[in-house]
Amino acid sequence: MMATEQATNKRVRINLSETAKGLIQFDITAECETVEETKAALSAAIDATRAVIAEKGLKEVSA
């Protein structure tokens with residue numbers, strides 16, 4: 001690997017916010033080596049986020 005090249009670390013960021021109406025909206029960003037890894041990471045993050053929202057009795061903004 002050349003000095004200017006960097007290995008991409010798998011990274012997922014999840015940001016939750018509450019609207020003025022008390023609904024939860026979320027934004028998820030994933031950085032991975034391949035598209036397939038990114039799709040899997042995003043899918044897992046969405047499922048986990050929705051599980052926490054439901055567990056806490058919160059309501060998600062409808063798309």
Side-chain angles (χ1 to χ4, degrees):
M1 180 183 298
M2 295 176 46
T4 58
E5 293 180 12
Q6 294 181 357
T8 303
N9 293 326
K10 187 175 185 179
R11 184 184 332 207
V12 178
R13 293 186 180 118
I14 303 170
N15 181 47
L16 297 176
S17 58
E18 185 176 2
T19 68
K21 294 183 178 183
L23 301 174
I24 301 299
Q25 61 187 22
F26 59 91
D27 177 55
I28 300 175
T29 303
E31 298 174 11
C32 301
E33 288 284 333
T34 68
V35 172
E36 290 304 315
E37 285 180 304
T38 303
K39 285 171 51 178
L42 287 171
S43 181
I46 291 167
D47 291 346
T49 301
R50 286 191 167 140
V52 170
I53 290 171
E55 178 183 303
K56 299 293 182 183
L58 304 170
K59 302 286 182 196
E60 180 184 341
V61 172
S62 297

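Note that this is a predicted model, so its numbers are computed, not measured. Values below: all heavy atoms of this structure, side chains included; hydrogens, waters and symmetry mates excluded.
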Please say yes or no: joined through hydrophobic side-chain contacts below 4.5 Å, possibly via intermediate residues, are Ile46 and Val12 part of one cluster?
yes
Residues which pass side chain to side chain donor-acceptor pair (under 3.5 Å) with Glu60, listed by chain and number, not counting sequence neighbours:
Arg50
Is Ile14 linked to Leu42 within one hydrophobic cluster, defined over Ile, Leu, Val, Met, Phe, Trp and Tyr using a side-chain heavy-atom separation of less than 4.5 Å?
yes
Between Leu58 and Val61, is there a shared hydrophobic cluster once you connect ILVMFWY residues whose side-chain heavy atoms come closer than 4.5 Å?
no
Are Leu16 and Ile28 connected, step by step, through hydrophobic side chains (Ile, Leu, Val, Met, Phe, Trp, Tyr) whose heavy atoms are closer than 4.5 Å?
yes
Joining Ile, Leu, Val, Met, Phe, Trp and Tyr whenever any side-chain heavy atoms lie under 4.5 Å apart, the cluster holding Val52 also takes in none
Keeping Ser43 on the side-chain end and Lys39 on the backbone end, is there a donor-acceptor pair under 3.5 Å?
no
Rounded to the nearest 0.5 Å, how far does CD of Gln25 lie from OG1 of Thr49?
13.0 Å
